[in-house]
Amino acid sequence: MSDSKYRHLVTDMKGGLGWRDLRVDEQRRDPDRDIEITGIDCAVVEGNFPWNLIVVHTDADVYGLGEAFTGPASEYVEFLEPALVGQNPCDVDRLVEHMTQVLSGLGGTAGYSQATVSGIEIALWDILGKVTGLPVYQLLGGKYRDEVTIYADSHAGDALAAGTERDPKEIYSPEAYAKEAREVIDEGFNALKFDLDVKVAPADTATRRLSNDAIEHKVAIVEAVREEIGTEPILGFDLHWNFSVETASKIARKLEPYDIDWLEDPVPPEQPETHREVKEASATPILAGENIVRLEGYVPFLTQQAVDVIAPDIQKCGGLLEFRKIAALADAMGVPIAPHNISTPIGTMGSVHVSASVPNVFALEYHSREVSWWDDLHTLDEPLISDGTIDVPERPGLGVDLNLDTVNE
Ligand code: MG
């Protein structure tokens with residue numbers, strides 16, 4: 001039994017459950033898979049983000065590993081644990097709906113709730129894989145590819161910027177970006193992304209507008225990077241929801257000659273209509289989606305053809321199965337996917353399995369080039385990423401285990 005402070009609220013009073021209580025006590029099932037969740041733990045590891053690692057314990061000889069997007073997962077796990085203890089972890093879909101229902105008072109289908117659901121859901125797949133002896137991708141319907149292309153999130157000029165009075169235009173120079181891009185390519189990646197929303201001139205940022213000179217600085221950065229690496233590597237640039245439709249559209253139009261693979265989050269994330277305006281303003285592909293969760297969140301963006309590429313964050317969007325639902329709708333609408341990912345090797349492997357299991361993923365993010373011990377978090381002999389790709393593992397479950405020495409450190 002869970003000792004969560006929310007147990008009374010969630011189970012005894014049914015405060016979080018109400019009429020749509022999706023718990024099941026008895027089911028017909030092969031005795032080998034007749035197992036129960038006995039508890040859930042969440043550990044926070046301080047990487048370049050506070051990483052939320054989740055362990056789901058069972059009464060069988062297996063545990064599941066998952067990862068929730070950075071944020072208050074520990075508190076949400078404590079809220080959900082009493083609703084899950086005693087349930088069969090193999091019923092992944094039902095338990096996702098059960099968790100979402102339990103969290104409805106906390107904004108179940110929105111906000112941080114679905115990040116926690118995602119982290120637990122990934123751990124359920126790991127359990128199911130270990131119980132059946134199959135890799136997660138196989139349980140998800142099989143794979144389209146043996147390796148997943150990884151794109152490197154990259155930063156130029158940051159170290160130089162710290163503690164100096166230098167002109168930011170010198171620090172975030174096109175040359176600095178080109179140099180960093182060369183290093184990423186030399187590390188073996190054939191796909192990369194830079195932030196393009198660095199502030200290089202005084203501006204009233206509340207207006208979401210940029211001067212023509214500020215825009216030209218961004219154009220010069222993109223031009224320098226393309227010149228350095230050529231036209232072949234996948235190349236994206238991120239604007240982090242900062243700009244107005246007219247400024248974002250102007251940037252997108254001026255970037256047309258450089259054939260970038262996407263311009264990310266040009267405008268605030270809420271409205272498909274504003275994205276569609278930017279999309280229709282130029283031939284530059286527009287990407288959005290790291291802040292959109294569940295299939296319901298994607299329906300307006302995809303059915304209104306508001307974006308060219310989507311980027312669900314698999315540790316946030318509702319889990320692997322929810323990602324598959326989103327991917328199916330995207331594919332039906334002719335939209336490819338470059339999933340957002342800032343996670344440890346645990347979350348990244350969850351993303352690798354599901355990215356291999358759908359047709360339309362072309363590149364998965366890696367956000368930890370600056371974390372020298374990222375590969376120390378797993379127990380595999382080799383670095384996870386090799387030549388800019390991750391092999392889809394054949395081992396049961398996620399096929400990756402935590403190095404507890406590194407986690408404890
Ligand atoms: Mg982004």
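Read the numbers this way: they start at 1 and go in the same order the structure lists the ligands and their atoms.
Seen from the ring of Tyr63, Lys130 counts as a face-on cation partner, given the 6.0 Å and 45° thresholds.
Rounded to 10°, the angle that OD2 of Asp238 and OE1 of Glu290 form at the Mg ion (ligand 1) is 170°.
The aromatic rings of His340 and Phe69 are tilted relative to each other, their planes meeting at an angle between 30° and 60°.
For the Mg ion (ligand 1), the nearest N, O or S atom contributed by Glu264 is named OE2.
Salt-bridge formation is not detected for the pair Arg226/Glu223: no Lys NZ or Arg NE/NH1/NH2 atom is positioned less than 4.0 Å from an Asp or Glu carboxylate oxygen.
Distance alone, capped at 3.5 Å, places no donor-acceptor pair between the Tyr112 side chain and the Tyr76 backbone.
Contact annotation: Asp265 places no N, O or S atom under 2.8 Å from the Mg ion (ligand 1).
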